[in-house]
Asker: 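To start, I am sharing the structure in question, which I have written as structure tokens.
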2 protein chains.
Amino acid sequence: MITAEDKFRNYLKMKGLKFTPERKMILKTVLSLHTHFDVDQLYERLRKENSDISRATIYRTFPLLIDSGIMKETLLCRDKTKYEHIFGHKHHDHIICLKCGRVIEFRDEEIERLQKAVCKKYGFKPVEHKLGIRGYCRECQSKMGE
Amino acid sequence: MITAEDKFRNYLKMKGLKFTPERKMILKTVLSLHTHFDVDQLYERLRKENSDISRATIYRTFPLLIDSGIMKETLLCRDKTKYEHIFGHKHHDHIICLKCGRVIEFRDEEIERLQKAVCKKYGFKPVEHKLGIRGYCRECQSKMGE
DNA sequence: GTCACTGCAAACTATTTGCACGGAC
DNA sequence: GTCCGTGCAAATAGTTTGCAGTGAC
């Protein structure tokens with residue numbers, strides 16, 4: 001069973017890059033976050049762990065983590081870029097509440113299958129896809145009715 | 001048959017806002033673009049039409065056009081925000097080529113139906129959804145093979 | 001006549017980059 | 001020992017905002 005760190009080390013070696021303490025710490029922290037996060041949130045988390053890694057280093061490390069398949073950008077936000085780790089996770093889609101910002105993750109095999117079928121129809125080779133549904137969650141709907 | 005201008009005027013009136021020449025011109029130009037565009041592209045287009053509307057006014061008008069249901073943001077780009085008009089268009093999804101940037105638009109009733117079903121399952125009231133598939137188009141695939 | 005709208009330039013925010021020092025290999 | 005990586009601060013790029021004059025209603 002290959003670990004995320006092995007995967008990242010292999011990727012770096014292949015690219016002739018170094019596995020530094022900073023990169024190790026960022027990797028560890030990214031894996032510890034089980035929600036979507038942005039650069040600032042990761043930065044704050046690192047601070048709490050008594051790490052003083054700079055934002056610049058975070059910005060320079062993220063492309064490496066993405067390229068190595070450990071994390072990816074989510075497409076949900078208009079402003080700051082958001083990320084989530086994907087190592088060991090199956091692909092899933094998102095439902096986002098416009099009022100409270102809550103995110104529901106789901107996976108629907110039938111939707112996955114139909115997407116593949118659409119790609120086939122156009123001779124398109126898919127690499128990734130993102131489906132986000134925005135609207136109002138049950139709780140916010142009932143609040144709005146009041 | 002209600003026109004886009006009627007729709008926008010009604011929206012503005014409802015909000016106590018004014019239908020200015022600038023807003024009229026921006027509306028007209030947005031409707032004339034049949035591809036995704038960003039603020040700069042619209043700005044350049046306005047320039048070609050001998051309009052000297054400022055970027056600030058464009059930025060201030062877009063939320064109104066979105067809120068009134070005439071256009072929307074697309075979720076495709078990492079950097080600049082992209083838009084497309086939706087007035088008179090059925091919802092569609094996107095397939096984007098990572099190499100040439102080409103966009104294929106498609107609509108699959110079955111996928112639409114399944115999305116509604118997922119929302120129902122979670123008691124979620126959908127407002128909009130965006131599905132983007134990224135990968136390589138037929139042409140770029142064959143080029144890469146060479 | 002009032003109050004929303006506009007252009008301008010300055011401000012802001014997220015992200016990127018040049019540089020000189022330091023450390024992984 | 002060689003480059004790559006780092007923090008810092010400055011630079012960029014997209015977007016937002018304060019202000020004073022203008023015009024739709």
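Residue numbering restarts at 1 for every chain, and letters A, B, ... go by the order of the sequence lines.
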Asker: List in chain and number order the residues that pass side-chain hydrogen bond (donor to acceptor under 3.5 Å, both in side chains) with A:R107, two or more places apart in sequence or in another chain; answer none if no residue qualifies.
Answerer: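 Only A:E109 meet the side-chain hydrogen bond (donor to acceptor under 3.5 Å, both in side chains) criterion with A:R107.
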Asker: Under 4.0 Å, counting only non-hydrogen atoms across every strand here, what does B:D52 touch: a base, just sugar-phosphate, or nothing?
Answerer: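 Answer is sugar-phosphate: B:D52 comes under 4.0 Å of backbone atoms only.
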Asker: Name the closest nucleotide to the B:L17 side chain, picking from C:dC5, C:dG18, D:dG18.
Answerer: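 The answer is C:dC5.
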Asker: Using atom CD1 of B:I58 as one end and atom C1' of C:dC8 as the other, report the distance to the nearest whole Å.
Answerer: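 Value for this atom pair: 14 Å.
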Asker: Can you list, by residue number, the residues of residues 18-27 of chain A that have a non-hydrogen atom closer than 4.0 angstrom to DNA chain C?
Answerer: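 Nucleic-acid contacts, sorted: A:K18, A:F19, A:P21.
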Asker: If we ignore angles and hydrogens, is there a donor and acceptor under 3.5 Å between the side chains of A:D67 and A:Y11?
Answerer: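 Yes, side-chain donor-acceptor contact under 3.5 Å.
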Asker: Return the value, rounded to whole Å, for the distance between atom CZ of B:R60 and atom P of C:dC3.
Answerer: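 About 19 Å, once rounded to whole Å.
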Asker: Under 4.0 Å between a side-chain nitrogen and a carboxylate oxygen: does that hold for B:K82 and B:E73?
Answerer: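 Not counted as a salt bridge, because no side-chain N and carboxylate O are separated by less than 4.0 Å.
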Asker: Between B:D93 and B:K130, does any side-chain N to carboxylate O distance fall below 4.0 Å?
Answerer: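 Salt bridge between B:D93 and B:K130, a charged N being under 4.0 Å from a carboxylate O: no.
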Asker: Quick check on DNA chain D: between B:D38 and B:K13, whose nearest nucleotide comes earlier from the 5' end?
Answerer: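 Going by which nucleotide is closer to the 5' end, it is B:D38.
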Asker: Counting side-chain heavy atoms from CB outward, which of C:dA9, D:dT15, C:dG18 is closest to B:V39?
Answerer: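 Shortest atom-to-atom distance from the side chain points to D:dT15.
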Asker: Hydrogens and angles aside, do B:S32 and B:T29 bring a side-chain donor and acceptor to less than 3.5 Å of each other?
Answerer: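 Per modelled atom types, B:S32 and B:T29 side chains form no pair under 3.5 Å.
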Asker: Within less than 4.0 Å of OP1 or OP2 of C:dT15, is there a side-chain N or O belonging to A:T81?
Answerer: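 So the side chain of A:T81 is within the cut-off, an N or O lying under 4.0 Å from OP1 or OP2 of C:dT15.
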Asker: Only one of B:R45, B:R47, B:Q41 clears side chain to side chain donor-acceptor pair (under 3.5 Å) with B:Y43; which?
Answerer: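 That would be B:R47.
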Asker: Rounding to an integer number of Å, can you tell me how far B:R55 CZ sits from D:dT16 C1'?
Answerer: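 So the CZ-C1' distance, B:R55 to D:dT16, works out to 14 Å.
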Asker: What's the OH-P distance between A:Y59 and D:dA9, to the nearest Å?
Answerer: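 About 17 Å, once rounded to whole Å.
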Asker: Verify the ring-centre separation between A:Y136 and B:F124: is it less than 6.0 angstrom?
Answerer: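 Ring-ring flag for B:F124/A:Y136: false, centres at least 6.0 Å apart.
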Asker: Could you tell me the separation between the CG atom of A:L12 and the C1' atom of D:dC4, rounded to a whole number of Å?
Answerer: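 So the two atoms are 11 Å apart, to the nearest Å.
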Asker: Rounded to whole Å, how long is the line connecting atom CZ of A:F8 with atom C1' of D:dG5?
Answerer: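 Atom-to-atom, A:F8 to D:dG5, this comes out as 12 Å.
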Asker: Could you tell me how far apart A:L64 (CG) and C:dT16 (P) are, to the nearest whole angstrom?
Answerer: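 Taking atom P of C:dT16 as the reference, CG of A:L64 is at 12 Å.
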Asker: In whole angstrom, give the distance that lies between atom OH of B:Y43 and atom C1' of C:dC8.
Answerer: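 Those two atoms, OH and C1', are 11 Å apart.
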